[in-house]
Number of protein chains: 2
Amino acid sequence: MTGPLIDLSGAEPLEPERLQAYFALTEAASLLQHRVERHLRGEGDLSGVQFQILMRLASGDGRATMTELADGLVHSRSGLTYQAGLLEKAGLVTRAPSEQDERAVVVTITDEGVAVISRVLPGHIDVVRRSLLDQLSDDDVRRLAEMMARVRDHMRAEPPRSAAARRSPSRAPVSGEAGGPAQA
Amino acid sequence: MTGPLIDLSGAEPLEPERLQAYFALTEAASLLQHRVERHLRGEGDLSGVQFQILMRLASGDGRATMTELADGLVHSRSGLTYQAGLLEKAGLVTRAPSEQDERAVVVTITDEGVAVISRVLPGHIDVVRRSLLDQLSDDDVRRLAEMMARVRDHMRAEPPRSAAARRSPSRAPVSGEAGGPAQA
DNA sequence: TATTGTTATACTCTATAACTATA
DNA sequence: TATAGTTATAGAGTATAACAATA
């Protein structure tokens with residue numbers, strides 16, 4: 001039998017263990033996300049992002065600005081505007097200009113929003129438990145939480161190359177992005 | 001009243017450590033996926049799914065049926081057809097009916113497909129290393145790989161409730177259901 | 001009748017750029 | 001000038017159901 005068609009040995013390849021960790025993480029997270037979103041859609045007619053927005057509001061004092069919400073939930077501002085608009089249309093949040101800073105918009109969860117979260121959350125937790133947590137020992141959980149927090153914080157701290165928080169006015173040319181034959 | 005707006009104590013809540021493990025995993029995986037897809041799109045004009053299809057082909061003997069590819073890569077068959085169609089249009093794979101089973105379609109990676117993977121992979125690995133692996137010790141990596149493989153296998157083995165692999169054949173036909181495709 | 005795969009269709013989500021308004 | 005947010009637009013991806021063809 002012939003070996004794989006691709007040879008990694010030129011470019012400082014990844015050891016099999018690391019590659020497997022990456023692939024397993026990717027696949028498990030993707031499966032979990034899929035199950036969770038399926039549940040949320042079926043149970044509460046919520047997208048994953050909408051659920052996270054509501055959760056973030058409900059876990060605090062029920063209010064946050066768009067910018068505060070954008071941190072960590074979504075990768076573009078317009079995406080958040082879109083999702084917040086849907087939530088508002090559904091009556092689960094309200095939006096009003098901030099009084100401290102007229103530019104900002106304060107998003108506030110409504111009673112109905114709290115009710116939806118309360119209704120959906122038990123099933124959500126159940127899915128997470130059955131899919132993920134039940135397969136992990138207490139020590140696994142501690143270890144996983146610590147590792148993933150580390151990785152997350154690292155990525156948050158060091159934004160990916162060539163990705164300004166907002167389109168920078170003086171966009172530096174991306175290294176090596178010369179006119180490559182981009183397939184075709 | 002300063003506490004969170006939502007009370008979990010009714011429904012056997014999640015211990016904070018478990019909740020944090022879940023959230024950190026979700027967020028880290030989401031950030032990683034976003035970076036990886038950004039890189040793939042920029043470097044090779046590939047979607048994440050397309051990359052995975054090519055990787056799976058290139059890691060084996062270069063050929064697989066649609067059904068074999070569908071396992072683990074995508075959540076609906078039509079989605080795979082769509083992505084495979086794009087790859088074929090780009091000249092990175094070919095599709096031809098199987099000779100053993102005329103129903104099946106054999107997808108084969110082309111030389112150009114191998115070339116694209118070879119060109120993209122070093123940068124891909126670099127992203128994964130910088131974003132994820134460099135933050136983990138060797139022991140972390142072993143532990144993570146083992147945990148995530150366990151979780152992944154569990155989800156694969158036990159499909160989510162109310163999700164038949166395919167639309168269940170025992171579906172009672174509704175008499176008035178036939179008729180032209182909804183036009184509009 | 002079950003399985004493999006495609007197609008038609010409709011929809012959700014996302015991202016970029018241009019824009020407004022306030023600090 | 002920089003920041004907060006919206007809008008317009010356009011494209012990518014997905015899922016469901018109906019369909020055709022082979023086993």
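Naming: A, B, ... by sequence-line order, numbering from 1 per chain.
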Do B:Ser98 and C:dT4 share a donor-acceptor pair, side chain to base, under 3.5 Å?
-> no

Looking at B:His34, does any N or O in its side chain come under 4.0 Å of the phosphate oxygens OP1/OP2 on C:dC13?
-> no

So which nucleotide from C:dT16, D:dG13, D:dG5 ends up closest to the side chain of B:Gln50?
-> D:dG13

Roughly how many Å is it from NZ in A:Lys89 to P in D:dT6, rounded to a whole number?
-> 13 Å

Is any side-chain nitrogen or oxygen of B:Ser78 closer than 4.0 Å to OP1 or OP2 of C:dT7?
-> no

How far apart are the closest heavy atoms of A:Leu80 and A:Ala70, and which atoms are they?
-> CD2-N, 3.5 Å

Closest heavy-atom pair, B:Arg130 versus B:Asp126, reported as atoms and distance to 0.1 Å, is NH1-OD2, 2.5 Å

How close or far is atom C1' of C:dA23 from atom CD of A:Glu99, stated in whole angstroms?
-> 17 Å

Find the distance B:Tyr82:OH to C:dT12:C1' and express it as a whole number of Å.
-> 14 Å

Which part of the nucleic acid, if any, lies within reach of B:Leu86 when heavy atoms closer than 4.0 Å are counted: base, sugar-phosphate only, or nothing?
-> sugar-phosphate

Pairing of B:Arg150 and B:Glu146 as salt bridge, 4.0 angstrom limit = yes

Quickly work out the B:Glu37 CD to D:dG13 C1' distance and round it to whole Å.
-> 10 Å

Tell me which nucleotide among C:dA21, D:dG13, C:dT3 gets nearest to the side chain of A:Arg103.
-> C:dA21

Check whether the ring centres of B:Phe51 and B:His39 lie less than 6.0 Å apart, and answer yes or no.
-> no

Position toward the 5' end of DNA chain C (nearest nucleotide), A:Gln100 or A:Gly79 | A:Gly79

D:dA4 base to A:Thr67 side chain: any donor-acceptor pair below 3.5 Å?
-> no

In whole angstroms, how far is the P atom of D:dG5 from the CD atom of A:Glu88?
-> 14 Å

Return no unless some side-chain N or O of B:Gln83 is found under 4.0 Å from OP1 or OP2 of D:dT14.
-> yes

Whole-Å gap separating P (C:dT4) and CZ (B:Arg95) = 17 Å

Would you please confirm or rule out a distance under 4.0 Å between OP1 or OP2 of C:dC13 and any side-chain N or O of A:Arg41?
-> yes

Quickly work out the B:His75 NE2 to C:dT12 P distance and round it to whole Å.
-> 19 Å

Can you tell me how far P of C:dC13 sits from CG of A:Leu73, to the nearest Å?
-> 14 Å

Phosphate OP1/OP2 of D:dT3 contacted by A:Arg77 side-chain N/O (<4.0 Å) = no

Just checking, any donor-acceptor pair under 3.5 angstrom between side chains of A:Thr67 and A:Arg77?
-> yes

